[in-house]
Structures are given as C-alpha cells and as structure tokens.
Amino acid sequence: MGIKNFLSDLRNRDHRRTLGGLDFFRYIGPGLLVTVGFIDPGNWASNFAAGSQFGYSLLWVVTLSTIMLIILQHNVAHLGIATGLCLSEAATKYAPKWVSRPVLASAVVASISTSLAEILGGAIALEMLFGIPVAWGAVLTTALVLIMLFTNSYKRIERAIITFVSIIGLSFIYELFLVDIDWPSAARGWVMPSIPDGSMIVIMSVLGAVIMPHNLFLHSEVVQSLEYNKQGDNSIRSRLKYELFDTLFSMIVGWAINSAMILLAAATFFENGILVEELQQAKELMTPLLGDNAGNIFAAALLLAGISSTVTSGMAAGSISAGIFGESYHVKDSHSQVGIIASLGIALLLIFFIGDPFKGLLISQMVLSLQLPFTVFLQVWLTSSRKVMGQYANSRFNKTVLYGIAVVVTILNLYLLLAQ
C-alpha cells in the first residue's frame, strides 16, 4: 500500500457522467494534507506574537497570505493532474540539471528545516502536558511519525490527519467561546491592511510561515497519484474543476484556524497587556486567565499539529527524494525512504544541539525563507511551459499573476531573512 493506491475507488469511478452539486466533496482530502503545513508550530508562534502584540490589526496578513497560497497550491496541483508528475519529477525531467539539481537539493535541506520545526512543536507540547524534556519529546514525536508513515497506508494517514485538523479546529472554537472577541475590530482587521509601528517582522513571519516549499511538492505528489492524466481530457478537466473546491475548502479551514489563534491571543493577551514570546509561555499565561481546560487543550492541539505536520513534511521529503530519481513517492521505495529518514533523522539530531527551542523555530523559518523563492519560480516556469503542460499551460494572465506572486514572495522572504 502507498500513495499510488490511495483513493483507488475514486480513481476508478466513471467520470463521464455529470457531477452533481455535492460531488465535489468526493475530492476533498489532498488539500487538507497541505493545510496542516500552515497550522504548524511555526505558525503558532507567529500568530500568537501577532495577536499578543498588535491585537486584531494583523488579521489581514492571514487573509493575504492565504489568497497567495490558494493560487500557488491550485497551480501546482494542475501540474500533477495534467502531467501525472509531481513537482520534483517534473523538475528532473524538464529543467536543465544545473537548475533542477541545486533547487531540489536545497528543497531537501528545507524539508529538514521544516521537520525540525514540526518535531520541536510536538516536543514542546509533550513538555507542556507531561513535563517530558524537549529532547526526549522530540524522540517520541519522531518515532510515532515514523510508525505512522511506514505501517499505515496513505489513505489511513489521510484520515488520521483530517481527524487531527478537525480536533485542532474544534479546540480553538472551544477556546474562542471562553473569551470576549471584539468582532467589529476583527472584521476590520481581516480586510483593512495596517502596519503598526514595529510590526514588520511579525508580518513577514506570518507571511513566510504560510507559504512553505514542502507543501508545494506534497500537493503535486498527492494529486498526481490519482493518474487523471491517463484517463483523457474529460477526466483532466473534471479534476481541474473540482480540485479548486478542494484547495479553497482546505485553505479556508487553515485561514480560519490561523485567524482563531490571532483572535484568541488578541482577546486574551493583548487586552491584558501581555506579550507572548514563547509557546510554553502562551499555555502558562492562558491557564490562569481561562482555566486549566483551556491551557491543556491548547497544549493538546499543539501536539496534534506537531504530529500531523511532521507526517506531511516527511511525505514531502520522500516525494522530493524520489523525484530526483524520476520516481513517484512510495513508502516501500528506497529513494522515498531515504528522503523520509534523512529529513526526520537529521532534524532530530539537530534538536539535540539546540539550546533554545524557540530560537530553533526562528532559524528553521529563515532556512525556509531562503529556499522558497527558488521553488516558486521553478514551479511557475514549469506550469507556464507548453512542453510540460500542453494545452493546460498557464494563460498569459495567470502567468503574470503567478510571477507577480513569486516576486512578492521573494521580496518578503528576503526581508524576513535579513531582518532576523
């Protein structure tokens, strides 16, 4: 069993019939795997910093970054659907080696950095809940994730992650009922950009933590496994249409959870003049303000976010590694296994040398910021090429929008890197 076999019942359905109004729910799933990538511990740190320092005024950053993410993730999913190749495979096949090899090698390094942040998040949560030292919590988190990756089929992992995301979302909904949200201010914050004094670093952190390289590789891998490209134009067009619903639904779920973090931090900490600088501090401060249940639920949700995001970062690393050798991800394949073990194993080793876990999260985000522009420009070049995409290549308008986003992402992430 592996990614090639997931949702085989969906793949074998007759796509010649007219899809009903609710049929798009059959396609929901791949996007939710991507969603956990931008509700990971790095996002938690950025969101709680934004809400505790600036209240509701930076909610617009979540909205803007989610819009850019939807466009990029939808675009990379088109690559997988139209070509039957993931981003790593397509780069290996179509890009010159002097371009593809350095970009994919740097993507592997970025996946290690991603895994480091995700494992750290799970370890920090275990310390909050059970007093387990961060280093040993990291070992437990890594071991659990490896068991999930190597013993479960993809479909079971997908279900587990959807369950995790649901629990995380419900946890924040529960906690929102415990606080008094200024909804008019929140509504203005979502749609009216403002840059309070001293907020640029936090703005860059939130933006940089949402659009992550490994998610682009993962999304293309998941959708290409359905092999719609082998079923003719009708199947491809049908999937392209309904994939957008999956991406929109999943990214909106992520937008809501990230927004809830800022709302909770604004109502709980900002209103009380408390600045949150560490995730452990958020839990400790939340308990006396909202009670033991809120603090424990916060830590439990962080643990689920750390585990689920580590699973997806491991899968992304396996996809990148396999793609370098012109192969698709499969947990039984040696090249995929090398990517998974290298990403999680090296990240775990690095954690033992990190004295300050919070600083470790910041460093991991800096590495991602450095690599992200290369992945985005490579993706847009591939999806704009008729040699790669055929009739499904980006239109002139789409190409302009995508390259514009690539430039914005590059500027923002370079600013974040230089400002740290």
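In this chain, numbering begins with 1 at the start of the sequence shown.
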**OP:** Please determine which of E221, H214, E89, H219 meets the side-chain hydrogen bond (donor to acceptor under 3.5 Å, both in side chains) test together with S319.
**Re:**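 Of the listed residues E221, H214, E89, H219, the side-chain hydrogen bond (donor to acceptor under 3.5 Å, both in side chains) partner of S319 is E221.
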Subject >> With S313, the side-chain hydrogen bond (donor to acceptor under 3.5 Å, both in side chains) member among S115, S308, S343, S113 >> reply: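 Output: one option passes, namely S115.
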Does [Y] offer a backbone N or O that forms a donor-acceptor pair with the side chain of [X] under 3.5 Å?
X    : Y    : answer
S336 : H330 : yes
T92  : G323 : yes
S111 : A317 : no
N394 : T383 : yes
S384 : W381 : no
S309 : G306 : yes
S220 : C86  : no

Reported [atom1]-to-[atom2] distance for the pair [X] and [Y], which is rounded to 0.5 angstrom:
X    : Y    : atom1 : atom2 : value
T268 : I181 : OG1   : CD1   : 7.0 Å
I70  : L244 : CD1   : CG    : 8.5 Å
M251 : W255 : CE    : CH2   : 14.0 Å
L218 : Q73  : CG    : CD    : 8.5 Å
I71  : T247 : CD1   : OG1   : 11.5 Å
T375 : I320 : OG1   : CD1   : 7.5 Å

Original post:
Would you call the rings of H74 and H78 parallel, tilted or perpendicular, where under 30° means parallel and over 60° means perpendicular?
Top reply: perpendicular
**OP:** Could you check whether the rings of H335 and F325 sit parallel, tilted or perpendicular, using 30° and 60° as the cut-offs?
**Re:** parallel
Heavy atoms only: give me the nearest [X]-[Y] pair and the separation to one decimal.
X    : Y    : result
L302 : W44  : N-CH2, 3.3 Å
I324 : S88  : N-OG, 3.4 Å
P196 : F54  : CB-CD2, 3.8 Å
F270 : Q53  : CE1-O, 3.3 Å
V61  : I203 : CG1-O, 3.8 Å
F269 : S52  : CB-CB, 3.8 Å

Are [X] and [Y] close enough that some pair of their side-chain heavy atoms sits under 4.5 Å apart?
X    : Y    : answer
Y94  : T83  : no
Y56  : R188 : no
M128 : L303 : no
F217 : V76  : no
L120 : V134 : yes
V62  : T66  : yes
L79  : L85  : no
S259 : I257 : no

**OP:** Output, in order, the C-alpha distance, side-chain angles, deciding distance and verdict of side chain to side chain contact (heavy atoms under 4.5 Å, CB included) for L146 and I340.
**Re:** CA-CA 8 Å; L146 286 173; I340 294 171; 4.1 Å; yes
Original post:
Is the count of non-hydrogen atoms from other residues, nucleotides or ligands lying under 6.0 Å from W183 atom CH2 greater than 12?
Top reply: yes
Subject >> Other residues, nucleotides, ligands: >12 heavy atoms within 6.0 Å of F352 CZ >> reply: yes
Original post:
Does the side chain of S106 come under 3.5 Å of the side chain of Q371 through a donor N or O and an acceptor N or O?
Top reply: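 Side-chain D/A pair, S106 to Q371: present.
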Original post:
With distance as the sole criterion, is a donor-acceptor pair present between the side chains of N75 and Q379 under 3.5 Å?
Top reply: yes
Original post:
Would I405 and V376 satisfy side chain to side chain contact (heavy atoms under 4.5 Å, CB included), going step by step from the backbone distance to the final call?
Top reply: CA-CA 9 Å; I405 291 176; V376 173; 5.5 Å; no
Subject >> Worked verdict on M261 versus F48 for side chain to side chain contact (heavy atoms under 4.5 Å, CB included) >> reply: CA-CA 6 Å; M261 293 181 197; F48 273 85; 4.0 Å; yes
Original post:
Should L344 and I112 be marked as a side chain to side chain contact (heavy atoms under 4.5 Å, CB included) after you check the CA-CA gap, both sets of side-chain angles, and the distance that decides it?
Top reply: CA-CA 7 Å; L344 301 187; I112 294 171; over 6 Å; no
